[in-house]
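Computed from a predicted model, the values in this text were never measured in an experiment.
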Amino acid sequence: MTPNVAVETTPETPQIPLWNDPAHDIDTRVSALIEAMTLDEKIAQLYGVWVGASAEGGEVAPHQHEMDDAVDLDALLPAGLGQLTRPFGTAPVDPALGALSLMRTQARITAANRFGIPAVAHEECLAGFATWQATAYPVPLSWGASFDPELIREMAAAIGRDMRAVGVHQGLAPVLDVVRDARWGRVEETIGEDPYLVGTIGTAYVRGLESAGIVATLKHFVGYSASRAGRNLAPVSAGPRERADVLLPPFEMALREGGARSVMHAYTDTDGLPSVADEALLTELLRDTWGFDGTVVADYFGIAFLKILHGLAGDWADAAGTALRAGVDVELPTVKTFGAPLTEAVRAGRVPEALIDRALRRVLAQKARLGLLDPDWSPVPPALAAADPADPDALRGTVDLDSPANRELARTVAEEAVVLLSNDGVLPLAAPRRIALVGPNAEEATAVLGCYSFPQHVGVHHPDQPMGIELPTLRESLEREFPGAELTVVRGTGVDDGDTSSLADAVAAARDADVVVAVLGDRAGLFGRGTSGEGCDVESLALPGAQQHLLDALLDSGTPVVTVLLAGRPYALGRGVEESAAVVQSFFPGAEGTPALAGVLSGRVNPSGRLPVSVPRGSGTQPSTYLGARLAQASEVSNVDPTAAFPFGHGLSYTRFVWSDLAVDTDTAATDGEVTLAFTVRNAGERPGTEVVQLYLHDPVASVVQPVQRLVGFTRVPLRAGESRRLRVTVPADVASFTGRDGRRVVEPGELELRLSASSGDPRLTARVTLEGPEHHVDHTRRFHALFEEDSAMTA
């Protein structure tokens, strides 16, 4: 990579410009490069261009969007380019030809600018690499339901390897928003309603993605999920304590323990201040306090929204300057405010060039760490290392992003994420002769996909293009799972069309069957095209359309009904809670979701998923989560009972677990100390299974109001039939910390309850301990985790 510019070179490497020389530290290299750049060249590194890869392997073409101005790459590229937005995720393109297109574009970019700097290519990867023919994994809400960080790390590493293989550098995931109102359409994109679960699973995803060389991007920083009434992009009313104790901890954890290298600001405003303009958040907290040295990228069009939506900027230059001052480094998805308006504002003295240099230093340092400034950098991605780029037709079909290994991993995540909510003994199904398969999602292949899967996000705009991946319907999976059964399939109603014309047929099929499998739930989409997804918010948590009417009719048939939910959020099920023979919840489980569900129904898979969000009993009791304080619980002074039908952490198994023999090393500990508990879990059933042990903390008396309980640790315990395990859990006092009256995080002396539980509603063993000594103040370096370890293993 030889720039066509006169530069100072070192005696040791006279042919290599200082900034290209890996023998020097990154700060030195970046400082030299900044010094050599013009203002136009500096600003060019601070924005992206939204492009689409060529289906024929040619260079990318700018993507036009209703928010975009026209982009002239020929005019832009001589100054350089910071990012390429979604070259694979904009339109269906064969992965090999997409890689070729990106490779040729990178060669063009480096040849056009004086310093030979390539662009960072970023993609969505919320439920797998969001491109055509790539594996669609379960959505993040299913990650949370698995309660299995190591499995999610493994999944993320596989996603990252696929992205890196074709030349992608950055992934816009994970979402670390904590669910505050399940009416919000983007609940499916979150990991759950508890900050510890979100932080632990999200950190595992970050580790996996980063292990593959992909820059993980934490979003949305911060408060997006706490919007009023669950409306997308509505104002946020969270106070500083809710922000500090509920919304921020997942980001703290993922940065400190996961090593995420990028953060994306949230769209929303909190108490009148948009995140994109919040210097206290993006600079003082994120960088000065937490020590983050990566890049802050704009959520798409978020900087322009300062003018369009928030009314904080009078023109594009004002918006750009406001975002830069707050701490935003990169404008995405395409150049708008950071282009000519910013350049003119700097030259006019409206925006200090020092702000440009500050953001540029972060961007160039990240590019250096990615190897993009090294002299041996090549635009050829690993997937094309042995390919002949002169023959695009020969490349078609040579890159496999949906490998058998990917599918097996997707199946494992889907299986671990299925939650058995209730069961009167009908499950597992014992070789039924006649199954009535009823409901809008019984034969809908895409019912397993979330809104950020490629088929639902992009593929819907290309109806003539094949799906790109195999998506077995639940009917097909049940036919394979129960080859001797007769399946009668009736739609009954649509997801949200209200059509009940086939209701009588559904009831007739139910009466003629041994069991009814009612497949209800959502259709993922964006901005009103679905019942779940970005911009698909709801007024209540009643089942969409006429689905509750269908369920009630099936319950009246007299045949046992197994209610199966393929959904992006929890729904109130009305009579279905008490009258269903069983209820099975799956949150958009991905391409292998229906085989996983069929395996649970047959008993081939023993369910071990646990609810990452509470399932409400009533459809209108939002916003409410299990993290409520005492005043948020049912009481005699309100006629509205917010008690969940199925609480956070709940999930059943086909075997039975017995917990016993709690021992506590001491009933007192220092406010900067720890307590160790030991207990035994035994599989008292006749088949292997996995118990999910959850540790909740209850603080009876505190200086500020606390949730009745909150999760501070968990572990999965696989046990053979009859097997017992003795577990030891070390609980640091730090996990009892909260934001005190003075705004500092504190561990206060006093009594605590540590509840070893099967769910937030099912405590099994309780230890009462007392913290002694002075108040102990902690910060983002505190100990986040209660540590579970195996003490011994015994077989009955």
Return a table of donor-acceptor pairs under 3.5 angstrom between the side chains of residues 605-612 and protein atoms on other chains or two or more places apart.
| from | atom 1 | to | atom 2 | distance (Å) |
| --- | --- | --- | --- | --- |
| N606 | OD1 | S653 | OG | 3.1 |
| N606 | OD1 | Y654 | N | 2.8 |
| N606 | ND2 | S653 | OG | 3.4 |
| N606 | ND2 | P688 | O | 2.8 |
| S608 | OG | R716 | NH1 | 3.4 |
| S608 | OG | R716 | NH2 | 3.0 |
| R610 | NH1 | S608 | O | 3.1 |
| R610 | NH2 | E691 | OE1 | 3.0 |

Next item on the list: Go through the steps for T217 and Q170 under the test side-chain hydrogen bond (donor to acceptor under 3.5 Å, both in side chains), then give the verdict.
Entry: CA-CA 7 Å; T217 307; Q170 182 170 0; 2.9 Å; yes
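- Ring planes of Y196 and H785: perpendicular class, angle over 60° (limits at 30 and 60°).
- Rounded to the nearest 0.5 angstrom, L384 CG and L97 CG are separated by 9.0 Å.
- No salt bridge links E408 with R411; every basic N to acidic carboxylate O contact stays at or beyond 4.0 Å.
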Note to self: With side-chain contact (heavy atoms from CB on, under 4.5 Å) as the criterion, how do V458 and W132 come out once you've worked through the C-alpha distance, each side chain's angles and the decisive distance to 0.1 Å?
What the structure shows: CA-CA 9 Å; V458 178; W132 194 55; over 6 Å; no
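- By the side chain to side chain contact (heavy atoms under 4.5 Å, CB included) test, A158 is found to be paired with Y137, R161, N406, L409, residues two or more places apart in sequence or in another chain being considered.
- Looking at P392 and L100, their side chains come closer than 4.5 Å, going by heavy atoms from C-beta outward.
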Check: Does the side-chain contact (heavy atoms from CB on, under 4.5 Å) test come out yes or no for V717 and F788, once each step is laid out?
Finding: CA-CA 10 Å; V717 187; F788 284 84; over 6 Å; no
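- At distances below 3.5 Å, not a single donor-acceptor pair connects side-chain atoms of R604 with backbone N or O atoms of A598.
- Paired with V519 under the rule side-chain contact (heavy atoms from CB on, under 4.5 Å), one option of V489, L478, T563, L437 passes, and it is L437.
- Using a 4.5 Å cut-off on side-chain heavy atoms (C-beta onward), L565 and F587 make no contact.
- At least one donor-acceptor pair closer than 3.5 Å links the side chain of D522 to the backbone N or O of G568.
- Residues T131 and Q133 have side chains that never bring a donor and an acceptor to within less than 3.5 angstrom of each other.
- Inspection of the T203 and E257 side chains reveals no N or O donor paired with an N or O acceptor under 3.5 Å.
- Put simply, the side chain of P440 reaches to within 4.5 Å of the side chain of L520, judged on heavy atoms.
- Atom CD of residue Q366 and atom CZ of residue R261 lie 6.5 Å apart, to the nearest 0.5 angstrom.
- Using bins of under 30°, 30° to 60° and over 60° for the plane-to-plane angle, the ring pair W50/H63 lands in the tilted bin.
- To the nearest 0.5 angstrom, W184 atom CH2 is 7.0 Å from N232 atom CG.
- A salt bridge links E124 and K219; the closest N-O separation between the charged side-chain nitrogens and carboxylate oxygens is under 4.0 Å.
- Heavy-atom minimum distance, P138 versus A414: CG-N, 3.8 Å.
- Between E59 and R104 no salt bridge is recorded (no basic side-chain N to carboxylate O distance below 4.0 Å).
- Annotation for S142 and A417: closest pair O-CB, 3.3 Å, computed over non-hydrogen atoms.
- A pairwise comparison of heavy atoms in W143 and P174 identifies CZ3-CB, 4.2 Å as the closest pair.
- Looking only at distances, a side-chain donor or acceptor of N683 sits under 3.5 Å from a matching main-chain atom of R720.
- The shortest side-chain heavy-atom distance between T85 and H122 falls under the 4.5 Å cut-off.
- Side-chain N or O atoms of T200 include none that pairs as donor or acceptor with a backbone N or O of L197 at under 3.5 Å.
- A salt bridge links R475 with E479; the closest basic N to acidic carboxylate O contact falls under 4.0 Å.
- The minimum heavy-atom distance between Q465 and P92, with the atom names listed, is CG-CB, 3.6 Å.
- One N or O on the side chain of E123 and one on the backbone of G89 form a donor-acceptor pair closer than 3.5 Å.
- F588 contributes atom CZ, which lies 4.5 Å from atom OG of S532 (distance to the nearest 0.5 angstrom).
- Within the 3.5 Å criterion, the main-chain N or O of D177 finds no donor-acceptor partner in the side chain of H220.
- Formation of a donor-acceptor pair under 3.5 Å by the T90 side chain with backbone atoms of P87 is not found in this model.
- Separating the CG atom in L176 from the OH atom in Y224 is a distance of 14.5 Å, to the nearest 0.5 Å.
- Residues P570 and V613 are in side-chain contact: their nearest non-hydrogen atoms beyond the backbone lie under 4.5 Å apart.
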Next item on the list: Could you go through the side-chain contact (heavy atoms from CB on, under 4.5 Å) check for F129 and V168 one step at a time?
Entry: CA-CA 10 Å; F129 182 8; V168 176; 4.1 Å; yes
Check: For R396 and E56, what are the C-alpha separation, side-chain angles and deciding distance, and is it a salt bridge (Lys or Arg N to Asp or Glu O under 4.0 Å)?
Finding: CA-CA 9 Å; R396 198 180 302 273; E56 306 304 321; 3.7 Å; yes
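- Inter-residue side-chain proximity for T473 and T594 is flagged as unmet; no heavy-atom pair is nearer than 4.5 Å.
- When atom types are taken as modelled, the side chain of E188 and the backbone of R569 share no donor-acceptor pair closer than 3.5 angstrom.
- Looking only at side-chain heavy atoms (C-beta outward), R86 and Y300 come within less than 4.5 Å of each other.
- The main-chain N or O of V60 is found under 3.5 Å from a side-chain atom of T105 such that the two form a donor-acceptor pair.
- L73 places a side-chain heavy atom less than 4.5 Å from the side chain of P62.
- Here CZ of F292 is found 9.0 Å from CZ of F221. Values are rounded to the nearest 0.5 Å.
- Nearest heavy atom pair, residue L566 against residue A447, reads CB-O, 3.8 Å.
- Under the 3.5 Å distance criterion, the side-chain polar atoms of S101 are matched with a main-chain donor or acceptor of G58.
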Next item on the list: Check step by step if side-chain contact (heavy atoms from CB on, under 4.5 Å) holds for E416 and L151.
Entry: CA-CA 9 Å; E416 289 197 5; L151 178 62; 3.3 Å; yes
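- Between C451 and E189, the shortest heavy-atom distance links the atoms SG-OE2, 3.7 Å.
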